[in-house]
Protein chains: 2
Amino acid sequence: MSPTPQPQWITARRKFIEAGGHTTQSFGLGRMIGQMYALLYLSPRPMCLDEIAQELGISKASVSTTIRQLERWTAVKSVWVKGDRRDFYEAETDFQAVLKHGLLATLRKKLDTAGKQIQVVEECLKEATNQTNGDDDKAMEVVVSRLERAKHFQGKVNGLLSNPLLDHLL
Amino acid sequence: MSPTPQPQWITARRKFIEAGGHTTQSFGLGRMIGQMYALLYLSPRPMCLDEIAQELGISKASVSTTIRQLERWTAVKSVWVKGDRRDFYEAETDFQAVLKHGLLATLRKKLDTAGKQIQVVEECLKEATNQTNGDDDKAMEVVVSRLERAKHFQGKVNGLLSNPLLDHLL
DNA sequence: AAATACGTTCAGTTTTTACTGAACGAATCT
DNA sequence: AGATTCGTTCAGTAAAAACTGAACGTATTT
């Protein structure tokens with residue numbers, strides 16, 4: 001009995017999944033998040049945790065945590081399957097929506113915390129402008145001006161990310 | 001003899017450096033790359049490797065490798081100091097330039113390799129369209145159409161990143 | 001009510017990434 | 001030429017991240 005050869009499209013599917021993993025990995029998001037999204041993205045029907053785990057060869061625990069990362073990114077959503085109490089998930093195939101509500105939102109948030117940190121430093125610095133320590137005044141002035149610049153830029157990018165025009169470009 | 005208290009602006013500077021580290025870390029770029037850039041960004045004059053190493057409390061080996069990451073991002077550049085054979089570096093303070101030549105360029109490259117991977121999968125899939133395996137035809141068709149979609153989107157984003165309009169928005 | 005099936009959490013482990021110290025070649029100084 | 005002083009590389013180590021199996025709470029089934 002000859003061993004049933006894998007249909008070509010299944011190996012293609014697997015390659016796509018691997019590619020997804022590599023891509024997210026290269027973006028510093030970890031490998032699994034990409035593989036899992038890719039798997040769901042190519043699936044004709046919602047999948048439950050165990051199916052995903054088996055398909056990717058990882059533990060259910062990993063699936064559980066990773067799938068919720070994907071949910072935060074609005075990259076997947078859970079769907080109801082009647083007569084089955086398991087949680088099923090399907091991919092959000094609208095990349096534009098994922099980018100908008102997932103990636104850009106995350107970006108904004110990170111930029112925002114960066115801004116807050118600058119704010120803190122700035123206030124810490126204001127208390128220093130009184131202590132005139134003649135010697136390295138110049139060094140301090142550089143710090144002040146550069147900090148100002150950084151803050152300004154942060155605001156600029158933040159504005160860009162909120163710019164409705166950006167949505168139209170997609 | 002009272003212990004000389006740190007001038008306030010120096011603690012502010014240190015906080016800024018830490019913040020830089022946390023920021024780059026949150027973007028999956030590692031902590032040191034942010035700290036090092038922040039240090040140079042606030043420095044009134046170019047710094048040599050040993051100064052950087054001492055200031056950040058890390059080995060010169062780390063400085064050497066990290067500084068070249070920063071160079072690849074066009075975030076720092078080496079400058080000549082006459083009468084000193086050491087390599088000095090200063091920060092590129094024009095964030096816009098860094099974004100354009102560093103971040104966006106890197107982004108494009110990664111998107112590009114992602115595109116190539118899709119290409120490979122697509123070709124692998126074309127060979128499969130002949131083998132009509134009636135049973136899971138539907139599953140395969142989903143794969144084909146989704147793949148098409150992914151490819152289309154990849155091209156779209158790639159176009160956006162190359163769009164000169166993007167530069168104007170900054 | 002007991003038993004089963006789910007998804008989540010968490011301590012522990014594996015894997016990956018970041019960092020270091022020592023060794024080296026090249027350039028500069030004596 | 002010999003002795004320093006650089007920057008880089010690399011094998012080894014330390015730190016961080018990803019992953020797992022077992023235990024648990026909750027909901028469903030029998």
Side-chain angles (χ1 to χ4, degrees), chain A residues 17-18 20-40 45-73 75-90 106 110, chain B residues 17-18 20-40 45-73 75-90 106 110:
Chain A
I17 291 171
E18 298 254 339
H22 288 140
T23 300
T24 50
Q25 175 121 303
S26 82
F27 280 101
L29 298 172
R31 189 167 108 263
M32 276 312 151
I33 201 172
Q35 289 197 0
M36 205 171 293
Y37 178 75
L39 173 64
L40 291 171
R45 57 185 173 74
M47 301 179 73
C48 71
L49 296 193
D50 286 291
E51 287 175 310
I52 298 171
Q54 183 178 3
E55 191 73 41
L56 297 181
I58 61 178
S59 72
K60 198 162 65 165
S62 281
V63 177
S64 179
T65 58
T66 305
I67 206 88
R68 283 199 284 139
Q69 278 188 63
L70 283 169
E71 268 186 317
R72 268 182 245 120
W73 280 66
V76 305
K77 53 188 174 189
S78 68
V79 296
W80 249 71
V81 173
K82 69 171 182 180
D84 201 322
R85 67 189 174 97
R86 289 176 295 180
D87 296 346
F88 284 81
Y89 294 90
E90 68 179 13
T106 308
K110 291 191 174 175
Chain B
I17 291 171
E18 298 254 338
H22 289 140
T23 300
T24 49
Q25 176 119 309
S26 82
F27 280 101
L29 300 174
R31 193 168 105 264
M32 275 313 149
I33 200 172
Q35 289 197 0
M36 205 170 295
Y37 177 76
L39 174 64
L40 290 171
R45 57 186 174 73
M47 299 180 73
C48 71
L49 297 193
D50 286 291
E51 286 176 310
I52 296 171
Q54 183 178 1
E55 192 74 42
L56 297 180
I58 61 177
S59 72
K60 197 162 66 165
S62 281
V63 177
S64 179
T65 57
T66 306
I67 208 86
R68 284 200 282 141
Q69 278 189 62
L70 283 168
E71 268 186 317
R72 266 182 247 120
W73 281 67
V76 304
K77 54 187 172 189
S78 68
V79 296
W80 249 71
V81 173
K82 69 170 182 179
D84 201 323
R85 68 187 171 100
R86 290 176 294 181
D87 295 347
F88 283 82
Y89 293 91
E90 67 178 15
T106 308
K110 291 190 175 175

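In this text the structure is predicted, and so the values were computed from the model without any measurement. Reminder, nothing fancy here: chain letters follow the sequence lines and each chain counts from 1.
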Below 3.5 Å between N/O atoms, which protein atoms pair up with nucleotides 15-22 of chain C? Just atom names and distances, please.
unit_1: C:dT20; atom_1: OP2; unit_2: B:S59; atom_2: N; d: 2.8
unit_1: C:dT20; atom_1: OP2; unit_2: B:S59; atom_2: OG; d: 3.0
unit_1: C:dT20; atom_1: OP2; unit_2: B:S62; atom_2: OG; d: 2.9

Once rounded to the nearest 0.5 Å, what's the spacing between atom SG of B:C48 and atom CZ of B:R85?
12.0 Å
Would you check if A:T106 and A:K110 make a side-chain contact, meaning some heavy-atom pair closer than 4.5 Å?
yes
Using a cut-off of under 3.5 Å, enumerate the N/O to N/O pairs linking the protein to nucleotides 1-5 of chain D.
unit_1: D:dT5; atom_1: O4'; unit_2: B:R85; atom_2: NH2; d: 2.8
unit_1: D:dT5; atom_1: O2; unit_2: B:R85; atom_2: NH1; d: 3.1
unit_1: D:dT5; atom_1: O2; unit_2: B:R85; atom_2: NH2; d: 2.7

d(CD, A:Q69; C1', D:dC19) in whole Å
12 Å
The single option from A:L56, A:I58, A:I33 passing side-chain contact (heavy atoms from CB on, under 4.5 Å) against A:T66
A:I33
Contact between A:Y89 and A:P46 at the side-chain level, heavy atoms closer than 4.5 Å - yes or no?
no
A:W73 side chain reached by A:L29 side chain, heavy atoms, under 4.5 Å:
yes
Residues of residues 46-54 of chain A with a heavy atom under 4.0 Å from any atom of DNA chain C, listed by number, are A:L49, A:D50
How close or far is atom C1' of C:dA26 from atom CG of B:D87, stated in whole angstroms?
12 Å
Shortest non-hydrogen contact from A:Q35 toward A:I17
CG-O, 3.5 Å
B:V76 versus B:M36: any side-chain heavy-atom pair under 4.5 Å?
no
In whole Å, I'd like the distance from the CH2 atom of B:W80 to the C1' atom of D:dG7.
15 Å
Rounded to the nearest angstrom, tell me the gap between atom CD1 in A:I33 and atom C1' in D:dC19.
15 Å
Could you tell me the separation between the CD atom of A:Q54 and the CG atom of A:D50, rounded to the nearest 0.5 Å?
8.5 Å
Could you walk me through whether B:L40 and B:I52 satisfy the side-chain contact (heavy atoms from CB on, under 4.5 Å) test, starting with their C-alpha distance in whole Å, then the side-chain angles of each, then the deciding distance to 0.1 Å, before giving a yes or no?
CA-CA 8 Å; B:L40 290 171; B:I52 296 171; 4.1 Å; yes
Is the closest basic N to carboxylate O distance between B:R86 and B:E51 below 4.0 Å?
no
